[in-house]
Amino acid sequence: MSSNPVAVTVASLMPRAKEELTELVAFKSVADFDQFPREESEAAARWIADALTAEGFQDVALLDTPDGTQSVYGCLPGPEGAKTVLLYAHYDVQPPLDEAGWTTPPFELTERGGRWYGRGAADCKGGVIMHLLALRALKANGGVPVNVKIIVEGSEEQGTGGLERYAEEHPDLLTADTVVIGDAGNFRAGLPTVTTTLRGMTLVRVRVDTLEGNLHSGQFGGAAPDALAALVRVLDSLRAEDGSTTVDGLTGDSAWQGIQYEEDQFRKDAKVLDGVELIGSGTVADRIWACPAVTVLGIDCPPVVGATPSVQASARALVSLRVPPGVDAAKATELLRAHMESHTPWGARVTTEQIGQGQAFRADPTSPAYQAMADAMAVAYPGQEMQYAGQGGSIPLCNTLSALYPKAEILLIGLSEPEAQIHAVDESVSPDELERLSVAEALFLRNYAGGAA
């Protein structure tokens, strides 16, 4: 790290950052209260509220959003007439999946091989710590030169839209000149990157029913319609032979014009097994940033252990569809539901239900805020030029904020580079990335206010 005073201060704060991230990761704040206690999420929200209060934030509040979760808000006044910057992160996390598959416990921050492991370490509790580090560094070096608002969401991973609806109902709350979303990541560790596009998404639950109840497969199998087999046919219809997504009425021929993702590097990042082919067509960047992508997230069916010789009467699945900028997520939802309903075989009864939805997002990288961030990144990452990349994931709040505040500039940075393995077992964060991005954010706030780096 450079001898820049802000960088020196951030470096001195890293032990504290590790302690705080350890405390925050310990909360099992999965916003699915059928699986994890609501108290864990509420405790995480209170931890963040206390941290903001300790940093001098005003009007700190736990916002009860319409989906039954809490988001944390606070405001830190800057100099008279200063610009306003909204900082975003989320404290809810994905379930740990197979806890036995983790090398160390998912809710215990553990250092190993120069990285800090734990669920949410990168996505996105680390983003909360990044914001705190940046502000502390500025306070220690002349003060925060802008008005800062911070919003930390409690249900981003669930896609239930609580904060989006709350923002729409309280349109003055999050007004800002610029928004920094701390929930993206560098294209690779050490390469400063701003994400300029996000795919939108929809979640649809599909259920197939064929019989009044399960039947003995020896007595009835062969003629009795199997709901699980019918569901498999439905799900298979969502992909072409090469694995490309095929939803009737939805085109998938867009091309990505920015930084490219080499196939060998993608195979390494995705940990694709030797001999297994990638799916789809076009460049890797086309496939993950510019085209629709369907994923079957789960299927309700009997597990292998304890299965009985039965023809299944009912089966259901949860299907995710990611859509690129330019495709309306609501229209994509209609097309996905219509496709699954029309491709259900044997006259089986089929029902579809939308569970969640978020629009795609495209930023304007020519705005002044992007230049301020590029200059900041050049200091935080000496010798590296800031890159522009897409992201296959979705952050529905981006479009809500863009619609509410069309003049606001929106930048996406964060800690979720490929090695972080967000949403997977052994999620981790690079402390070097946390340190450098905290410096970059602090210097961005100074640059954006008109001061020198």
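Please read all numbers here as calculations on a predicted model, not as lab measurements. The figures here come from the full heavy-atom set of this structure, side chains too, leaving out hydrogens, waters and symmetry mates.
Between W289 and Y261, the two ring planes are tilted [angle within 30° to 60°].
The shortest side-chain heavy-atom distance between R136 and T9 does not fall under the 4.5 Å cut-off. With contacts defined as side-chain heavy-atom distances shorter than 4.5 Å, the pair V60/Y73 does not qualify. The shortest side-chain heavy-atom distance between L203 and L297 falls under the 4.5 Å cut-off. Between L163 and I151 there is a side-chain heavy-atom pair separated by less than 4.5 Å. No side-chain heavy atom of V152 sits under 4.5 Å from any side-chain heavy atom of S71. For the pair V194/P365, no side-chain contact is recorded, criterion being any heavy-atom separation below 4.5 Å from C-beta on. Counting heavy atoms from C-beta outward, L133 and M14 have side chains that approach closer than 4.5 Å. Inter-residue side-chain proximity for F361 and R199 is flagged as unmet; no heavy-atom pair is nearer than 4.5 Å.
Side-chain contact annotation: Q70 with D64, donor-acceptor N/O pair under 3.5 Å present. Looking only at atom types and distance, the side chain of H216 has no donor-acceptor partner in the side chain of S310 under 3.5 Å away. Between K125 and S29, the side chains place a donor N or O and an acceptor N or O closer than 3.5 Å (distance only, hydrogens not considered). Defined by atom type and a distance below 3.5 Å, a donor-acceptor pair is missing between the side-chain atoms of T53 and D50. Side-chain contact check for D67 and T69: at least one donor-acceptor pair (N or O, by modelled atom type) lies under 3.5 Å. Side chains of E433 and N186: a donor-acceptor N/O pair is present below 3.5 angstrom, by distance only. With no hydrogens or angles considered, no side-chain donor-acceptor pair links E153 and H90 at under 3.5 Å. Side-chain atoms of E341 and T352 include a donor-acceptor pair closer than 3.5 Å. A donor and an acceptor atom, one from each side chain of S416 and D123, are nowhere located under 3.5 Å apart. A side-chain N or O of Q359 and one of D328 form a donor-acceptor pair less than 3.5 Å apart.
Within the 3.5 Å criterion, the main-chain N or O of G190 finds no donor-acceptor partner in the side chain of R436. T22 places no side-chain N or O within donor-acceptor distance of the main-chain N or O of E20, the cut-off being under 3.5 Å. Under a 3.5 Å cut-off, the side chain of R287 and the backbone N or O of I279 do form a donor-acceptor pair. Without hydrogens or angle criteria, D248 side chain to H339 main chain gives no donor-acceptor distance under 3.5 Å. At least one donor-acceptor pair closer than 3.5 Å links the side chain of T333 to the backbone N or O of A329. In this structure, the side chain of R239 engages the main chain of V294 through a donor-acceptor pair within 3.5 Å. A donor-acceptor pair is defined here as one N or O able to donate and one able to accept, closer than 3.5 Å; such a pair exists between the side chain of S430 and the backbone of D432. Proximity of a side-chain donor or acceptor of E40 to a complementary backbone N or O of K28 within less than 3.5 Å is detected. Looking at R119, its side chain does come within 3.5 Å of a backbone N or O of P95 through a donor-acceptor pair. Between the side chain of E427 and the backbone N or O of A122 there is at least one donor-acceptor pair closer than 3.5 Å.
Separating the CD1 atom in I355 from the OG1 atom in T160 is a distance of 11.0 Å, to the nearest 0.5 Å. Interatomic distance, L397 CG to D183 CG, rounded to the nearest 0.5 Å: 10.0 Å. Atom CG of L415 is separated from atom CD1 of I422 by 10.5 Å, given to the nearest 0.5 angstrom. Between atom CD1 of residue I259 and atom OH of residue Y388 there is a gap of 12.0 Å, rounded to the nearest 0.5 Å. To the nearest 0.5 Å, atoms OG (S314) and CG (L211) are separated by 8.0 Å. Rounding to the nearest 0.5 Å places OG1 of T308 at 6.5 Å from CG of N214.
Smallest separation of non-hydrogen atoms from T104 and D426: N-OD1, 4.3 Å. Residues S438 and A134 come closest through the heavy atom pair O-CB, 3.5 Å. Closest approach of S281 to S244, counting heavy atoms only: N-OG, 3.7 Å. Between E157 and D92, the shortest heavy-atom distance links the atoms N-OD2, 2.8 Å. Minimum heavy-atom separation, P96 to F36: CD-CZ, 3.5 Å. Listed here is the closest heavy atom pair of V439 and A380: CG1-CB, 4.1 Å.
More than 12 heavy atoms of other residues, nucleotides or ligands lie within 6.0 Å of CZ in R165, so this atom counts as buried by the packing criterion. When the shell of 6.0 Å around CD of E169 is examined, it contains more than 12 heavy atoms from other residues, nucleotides or ligands. Residue-environment remark: CD (Q265) exceeds the threshold of 12 foreign heavy atoms within 6.0 Å. With a 6.0 Å radius and a threshold of 12 heavy atoms from other residues, nucleotides or ligands, K149 has its NZ atom above the threshold. More than 12 non-hydrogen atoms from other residues, nucleotides or ligands lie less than 6.0 angstrom from CZ of R267.
Comment: D209 engages R207 in a salt bridge, judged by a side-chain N to carboxylate O separation of less than 4.0 angstrom. Taking 4.0 Å as the cut-off between side-chain N and carboxylate O, R188 and E417 do not count as a salt-bridged pair. We find that K18 and E111 are joined by a salt bridge, their nearest charged nitrogen and carboxylate oxygen being less than 4.0 Å apart.
Under the side-chain contact (heavy atoms from CB on, under 4.5 Å) rule, L335 has a single partner from L250, V327, L321, T202, which is L250.
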The test is side-chain contact (heavy atoms from CB on, under 4.5 Å); show your working for L318 and V204 and say whether it passes.
CA-CA 6 Å; L318 183 62; V204 173; over 6 Å; no
Would Y381 and L191 count as a side-chain contact (heavy atoms from CB on, under 4.5 Å) if you check the C-alpha gap in whole Å, the side-chain angles of each, and the deciding distance to 0.1 Å?
CA-CA 8 Å; Y381 293 83; L191 182 64; over 6 Å; no
When you look at Y166 and H170, which way does the ring pair (Phe, Tyr, Trp, His ring centres under 6.0 Å) test go after all the steps?
CA-CA 6 Å; Y166 190 95; H170 304 81; 4.0 Å; yes
After noting the C-alpha distance and the side-chain angles of L63 and V72, does the key distance pass the side-chain contact (heavy atoms from CB on, under 4.5 Å) rule?
CA-CA 6 Å; L63 310 178; V72 188; over 6 Å; no
Candidate pair L412 and I395, rule side-chain contact (heavy atoms from CB on, under 4.5 Å), full reasoning:
CA-CA 10 Å; L412 294 99; I395 306 175; 3.7 Å; yes
